[in-house]
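Predicted, not measured: the structure shown is a model, and the values here were computed from it. Residue numbers start from 1 in every chain, and the chains themselves are labelled A, B, ... in the order their sequence lines are given, proteins ahead of strands.
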Amino acid sequence: MTATMPNSKPTLSKVNAWLARLMIAGVCLCAVLCATGLVLSLIRGVPRATLKPFKGVAEGFTTPSGVWASATRLEPTGLMALGVLVLIATPVARVAFSLVAFSLERDRLYVVITSIVLALLASGMFFGLVD
Amino acid sequence: MTPLVFAALVFAGSVAAGCLGALTGLGGGVVVISMLVLGFGVDLRYAIGASLVAVIATSTGSAAAYVREGYTNTRLAMLLEVATAAGAITGAYVAGFLRSDVIVYVFAAVLFWSAWNAMREPVASPTAAQDQTPDPLATRLNLDSSYPTPKGLQTYRVRNVPGAFVVMLLAGVLSAVVGIGSGVFKVLAMDRLMHLPFKVSTTTSNFMIGVTAAASAGVYLHRGQLEPTLCAPVALGAMAGALIGTKILAKAKVPWLRVVFAITIAVSGVQMVIRAFQGNV
């Protein structure tokens, strides 16, 4: 953006248009993965998970690496879980993108504010995995 | 119930949740928890995980439209996200030490208090920015903005930033304990404390709740509360519903939106209390 327009800052509406595109991309990817996984599981007749009492998800689905491993084997549950992870990652990606946008606007105050949000999100993810 | 029927019903219910969530700024987590616990007998911990997914799906699905159309105040959202994200991480830990029935009572109390609040008329209806003196802190933070109305762009001023910040911190804690984005608190803080136009409050809340929910999602993933076979139809339904909701919001009248907001949370509160009294939580 700045390479072609060296003297003009990206306007808020332009930044917002990119934010919107990013969110649409996240939603679409999630929808494709979830729908594919769901349809495959129905075709293959995977039995319904017992949802009471609480036992926790099947082994391997509590970490991103486990989900990825299952999804790359094209297991229906793995594809659905990956779709859910993509969905969770989208708001985080949106905050990261905002950080870039505010830096391009040279809005120092909001670069700081956005960095704090990103750091909090990262620590939430991190502590979630070592909890 | 066959897996196909189950997935179809959960999907349909989530469409309604996503649509209501996008309209009210609540994210629809309330509806998803009620539907799964009361309608399908799902354990509350799985339901909370699924509602977290529904909230992110509704937030992301509707935010794309709201940001593009200019309803969302993205600066204000980022500022308040500092408070909600910090609160959410704290709350995710507190929730692990609480009993399900305690969570349900906290949940219901919040819903009733909020419904009562939403039905009251705003103390001071938002007026055009020219009629108000600028708030020094809001000016420093570059928060004043405008939003689309049938009569064209309407400017508005932001005030009482510190008060809203504190409420957002509590909102973050509660959202993680209860498993909803706690859009309830976000909408009320912006509507009641900051006197923002209702559609700005709900759409900015919608934008924020995805981030708040994502902040505690790591903890829920690790605890095994995100059951993929349940979360997938919920996510698909909520995203579809959110898209429908964004189409309705642009045309909707504000008093009608307030009533929908209040009814949604009050009905959910009643259902939760009934369930808690039966001891089936």
Side-chain angles (χ1 to χ4, degrees), chain A residues 12-13 15-17 19-21 23-24 26-27 30-31 34-35 37-38 41-42 45-49 51-57 61-64 67 77-78 80-81 83-85 87-92 94-95 98 107 109-110 113-114 116-117 120-121 123-129 131, chain B residues 1-4 6-7 36 40-47 53 56-57 59-61 63-65 67-68 70 72 74-75 78-79 81-82 85-86 88-89 92-93 96 140-142 210-211 213-233 235-236 239:
Chain A
L12 193 61
S13 63
V15 168
N16 284 348
L19 268 180
R21 264 175 231 158
M23 288 185 280
I24 291 167
V27 164
C30 164
C34 284
L38 194 58
S41 79
L42 292 174
V46 178
R48 200 151 67 82
L51 297 171
K52 190 162 187 138
F54 181 78
K55 289 200 295 280
V57 297
F61 289 103
T62 54
T63 58
V67 168
T77 313
M80 286 187 267
V84 171
L85 287 191
L87 185 68
I88 293 170
T90 306
V92 184
R94 195 199 85 205
V95 175
S98 300
D107 191 336
L109 183 62
Y110 277 88
I113 290 170
T114 310
I116 296 171
V117 174
L120 285 169
L121 286 176
S123 67
M125 296 275 165
F126 177 74
F127 288 123
L129 300 181
D131 171 27
Chain B
M1 204 184 297
T2 66
L4 176 63
F6 178 75
L36 293 179
F40 296 96
V42 171
D43 187 277
L44 185 66
R45 278 161 287 185
Y46 285 124
V53 170
I56 302 175
S59 169
T60 311
V67 165
R68 205 172 35 207
T72 317
T74 49
R75 276 205 169 79
M78 193 60 78
L79 177 69
E81 269 162 14
V82 174
I89 291 165
Y93 284 99
R140 170 83 185 85
L141 292 165
N142 199 7
V211 172
S216 51
V219 176
Y220 286 101
L221 176 73
H222 188 69
R223 287 206 192 115
Q225 287 181 251
L226 302 181
E227 170 58 40
T229 54
L230 180 63
C231 292
L236 288 169
M239 288 187 286

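Rounding to the nearest 0.5 Å gives a distance of 9.5 Å between CG of B:Leu230 and CZ of A:Arg48. Note that the CG atom of A:Leu51 and the CG atom of B:Asp43 stand 8.5 Å from one another [nearest 0.5 Å]. Rounding to the nearest 0.5 Å gives a distance of 7.0 Å between OG1 of B:Thr74 and CG of A:Leu19. Here CD of B:Glu81 is found 7.5 Å from CG of A:Leu121. Values are rounded to the nearest 0.5 Å.
Closest approach of A:Met80 and B:Ala232 over heavy atoms only: SD-CB, 3.3 Å. Between B:Pro3 and A:Leu42, the shortest heavy-atom distance links the atoms C-CD2, 3.7 Å. Residues B:Ala63 and A:Met23 approach most closely at CB-SD, 3.6 Å, considering heavy atoms.
Of the two parts of B:Leu236, only the side chain, counted from C-beta on, holds a non-hydrogen atom closer than 4.5 Å to a non-hydrogen atom of chain A. With a 4.5 Å cut-off on non-hydrogen atoms, B:Ala7 touches chain A through its side chain but not through its backbone. For A:Ile116, the part sitting under 4.5 Å from any heavy atom of chain B is the side chain, from C-beta outward, and nothing else. Of the atoms belonging to B:Leu36, not a single heavy atom falls under 4.5 Å from chain A. Using a 4.5 Å cut-off between heavy atoms, A:Phe54 contacts chain B through both its backbone and its side chain.
Shown here is A:Arg21, whose CZ atom has more than 12 heavy atoms of other residues, nucleotides or ligands within 6.0 Å.
Looking only at side-chain heavy atoms (C-beta outward), A:Val117 and B:Met78 come within less than 4.5 Å of each other. Within the 4.5 Å cutoff, side-chain heavy atoms of B:Pro233 are placed close to those of A:Leu38. Taking the side chain as every heavy atom from C-beta outward, B:Leu226 and A:Ile88 approach each other to under 4.5 Å. In this structure, the side chains of A:Val67 and B:Pro228 stay at 4.5 Å or more apart for every pair of heavy atoms.
Under a 4.0 Å N-O distance rule, the pair B:Arg75/A:Asp107 qualifies as a salt bridge.
Each of B:Ala235, B:Ala57, B:Ala65, B:Ser59 has some count of heavy-atom pairs under 4.5 Å with chain A, and the biggest count is that of B:Ala57. Most heavy-atom pairs under 4.5 Å with chain A, from the set B:Arg68, B:Arg140, B:Met1: that is B:Met1. Of the listed residues (A:Val27, A:Ile24, A:Val57), the greatest number of heavy-atom pairs within a distance under 4.5 Å of chain B belongs to A:Val57. In terms of non-hydrogen atom pairs under 4.5 Å with chain A, the most contact-rich of B:Thr72, B:Ile56, B:Asn142 is B:Ile56. Of the listed residues (B:Leu4, B:Leu79, B:Val53, B:Val67), the greatest number of heavy-atom pairs within a distance under 4.5 Å of chain A belongs to B:Val67. Options A:Ser41, A:Gly26, A:Gly78, A:Ala35 differ in how many heavy-atom pairs under 4.5 Å they form with chain B, and the most are formed by A:Ala35. In terms of heavy-atom pairs under 4.5 Å with chain B, the best-connected choice from A:Ala31, A:Gly83, A:Gly56 is A:Gly56. Top candidate by heavy-atom pairs under 4.5 Å with chain B, chosen from A:Thr114, A:Leu109, A:Thr90, A:Val92, is A:Thr114.
Every residue meeting the side-chain hydrogen bond (donor to acceptor under 3.5 Å, both in side chains) condition with B:Thr229, not counting sequence neighbours, appears here in chain and number order: B:Glu227. Remark: A:Phe61 engages no residue in a ring-ring contact (aromatic ring centres under 6.0 Å, His included) (not counting sequence neighbours).
The main-chain N or O of A:Pro53 is never found under 3.5 Å from a side-chain atom of B:Tyr46 such that the two would form a donor-acceptor pair.
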Item to complete: Please report the C-alpha distance between B:Arg223 and A:Thr62 in whole Å, then the side-chain angles of each, then the deciding distance to 0.1 Å, and finally whether the side chain to side chain contact (heavy atoms under 4.5 Å, CB included) criterion is met.
Response: CA-CA 7 Å; B:Arg223 287 206 192 115; A:Thr62 54; over 6 Å; no
